[in-house]
Every structure is written in C-alpha cells, then in structure tokens.
Amino acid sequence: MNLDTLGQTVDCGQCFRWERLPDGSWSGAAGSRCVQVTGENLSGVLSDAFWADYFDMGRDYEAIRERFCALDPILGQAARYAPDLRILNQDPWEALCSFLLSQCNNIKRIKGLVSRLCKTYGESNGACASFPRPEALAVLSEQDLRALGCGYRAGYLVGTARRVAEGALDFDLLRRLPLEEAKRELTALPGVGPKVADCALLYGLHRLEAFPMDVWMKRAMKVLFPGRKPEDFGEYAGVAQQYIFHYSRNHPELF
DNA sequence: GCCCAGGGTGTTT
DNA sequence: AAACACCATGGG
C-alpha cells in the first residue's frame with residue numbers, strides 16, 4: 001500500500017470523504033475523525049488503532065483474492081487489478097446516509113452533498129467537520145436539506161434520521177442478525193431499498209457477504225458473469241462485488 | 001439541450 | 001411479478 005494505490009480503497013465508490021491533493025497526499029474523514037495521509041505518515045496512520053480498524057488491516061485480503069482466482073478467472077483478473085483494495089469499516093450511520101443520498105446520483109455530486117452536510121450540520125473539530133449525528137438531522141425540515149442540494153432525497157434523509165434518533169435501529173444487532181433479517185430492518189426505513197440496504201450492510205456494518213447491485217453491477221454481471229448469481233461468490237461476495245465494480249468502472253469499453 | 005448518475009416508492013398492467 | 005412514472009440536481 002502506497003499513496004498511489006491507496007486510491008483503490010478510498011476512491012473506489014465505497015466512501016465519499018476522501019480527496020487527493022495536488023501534492024499526491026490524501027485528505028480523508030470518517031465519522032468524527034479526519035486525517036491527511038502523506039508518504040511520510042502512511043505506515044503510521046495504518047498502525048493507529050482507529051485507522052487500522054477503518055482500513056480493515058487485520059484481514060488477509062491476499063487469501064481472499066486467491067480464493068477468487070480459483071473460483072473464476074475473470075473475477076481473479078478483477079481482483080488482481082486492484083490488489084490494495086480493501087472494504088472499509090465505516091461508521092454505520094454515515095454509510096447509511098451516504099448511500100441513501102447516492103440513489104440516482106453520481107459520485108462527484110454525492111461527495112459534494114456529504115461535504116456540505118458535514119460543514120453545515122456536523123460538529124467542527126478544528127478544520128475537520130464530523131458527520132452529523134442522527135439527532136442533528138432529525139430536527140431539520142425537508143427544506144433545510146433541499147437547500148443543500150439533496151433534492152427529493154431530503155425527505156428520505158430526515159425521515160430516516162428521525163427513526164434512528166428515536167432508537168428504531170440497533171446497528172450492533174444488525175452486525176449479528178442473519179443477512180436477510182438485517183436487510184429487512186433497513187429497508188423498513190424511508191428511502192432505503194435493497195441496494196442502499198446492502199451498501200449500509202457491506203460498508204457500514206462490514207457484512208462482507210452483502211452484494212450491492214447497482215446499474216454498473218447489473219451490466220457487469222450480464223457481460224462478465226452470465227448465469228452467475230451473487231451467492232456463487234461465497235461468504236466474501238461483497239468483496240468480489242467491490243473488485244468487479246472498480247474493475248468495471250475503469251474498463252468502460254467492456255460495456 | 002440532452003443524457004445519465006452506485007434507486008425508491010407508488011401505481012398500473 | 002413486471003413495467004411504468006415520478007421524484008431533483010448538476011456534471012459531462
């Protein structure tokens with residue numbers, strides 16, 4: 001892992017608060033913490049307790065890739081294309097909101113929305129703004145969020161924030177429930193369907209078997225893996241999904 | 001001006 | 001169950 005390959009993990013569509021600076025360093029934020037990663041402090045950041053957990057440093061991704069290579073040659077190719085890609089341990093609430101806002105939206109605009117949300121309704125720790133707590137969004141009106149550019153998703157976000165603020169969701173429980181039950185809890189929230197629920201499960205709750213199926217993945221499955229289903233990729237299907245998503249977005253000529 | 005973007009919801013066949 | 005309209009916004 002170096003500054004150039006860090007993008008495989010923080011700029012692959014699973015998070016929206018990382019930005020590469022002109023000098024090659026990365027400025028990133030997660031939950032209520034932020035960091036600037038340079039060539040000098042990279043290994044230090046990755047051994048810090050919080051960021052090591054965030055980057056899932058305790059997991060052997062090489063072993064997962066080898067399993068994928070044995071499973072399917074094209075999946076193996078996608079995995080080898082981004083050997084430093086890891087599934088982040090994001091804050092569940094932040095991940096849920098981010099992907100609720102992602103529907104019918106592009107990554108650049110999602111990043112702008114999340115940034116404005118943090119600056120406007122997060123708590124500022126110096127130059128770093130935290131992601132707003134559910135309680136901070138629950139008291140807003142739909143119009144407040146439309147003013148930030150959330151569009152029709154504003155009502156979904158306020159509605160979901162109110163449900164979470166009143167304790168309707170137990171994120172810790174969602175880590176342990178069978179996947180389909182956890183998914184049912186999430187899709188009961190306004191604006192949360194199957195795809196957003198899978199994103200919250202994979203990126204926020206580290207359920208590595210969850211397989212978000214967006215427009216890119218539907219295309220990729222049809223073209224690259226005809227006749228195969230997410231379950232065929234096993235207990236790490238979500239990791240496979242991320243390799244495929246990243247590979248597909250960097251090879252648009254395939255579609 | 002048009003098309004699309006890591007979809008969800010409600011309604012109609 | 002599958003198809004459809006509608007939902008806002010801005011980047012390319």
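Convention: sequence-line order gives letters A, B, ...; per-chain numbering from 1.
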Going through the distances and angles, do A:Phe99 and A:Phe16 end up as a ring pair (Phe, Tyr, Trp, His ring centres under 6.0 Å)?
-> CA-CA 10 Å; A:Phe99 284 94; A:Phe16 303 95; 5.2 Å; yes
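- Using bins of under 30°, 30° to 60° and over 60° for the plane-to-plane angle, the ring pair A:Phe211/A:Phe233 lands in the parallel bin.
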Encode nucleotides 1-8 of chain B as B, S and - characters from 5' to 3', where the letter depends on protein heavy atoms closer than 4.0 Å: B to the base, S only to sugar-phosphate, - to neither.
-> ----BBBS
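- In this structure, A:Leu46 belongs to a hydrophobic cluster whose other members, linked by side-chain heavy atoms under 4.5 Å apart, are A:Met1, A:Leu3, A:Leu6, A:Val10, A:Trp18, A:Trp26, A:Val35, A:Val37, A:Leu42, A:Val45, A:Phe50, A:Trp51, A:Tyr54, A:Phe55, A:Met57, A:Leu88.
- Along DNA chain C, the stretch of nucleotides lying under 4.0 Å from any heavy atom of chain A spans, 5' to 3', C:dC7 to C:dG10.
- Applying the 6.0 Å contact sphere to CD of A:Glu231 captures more than 12 heavy atoms from other residues, nucleotides or ligands.
- Panel note: side chain A:Arg163, backbone A:Leu189; no donor-acceptor pair is recorded below 3.5 Å.
- Side-chain contact, A:Asn105 with A:Ser102: no donor N or O sits under 3.5 Å from an acceptor N or O.
- A salt bridge links A:Arg17 with A:Glu94; the closest basic N to acidic carboxylate O contact falls under 4.0 Å.
- In this structure, A:Asp11 pairs ionically with A:Lys111, as a charged nitrogen and a carboxylate oxygen lie closer than 4.0 Å.
- Nucleotides B:dG6 and C:dA5 have their P atoms positioned 23 Å apart, rounded to a whole Å.
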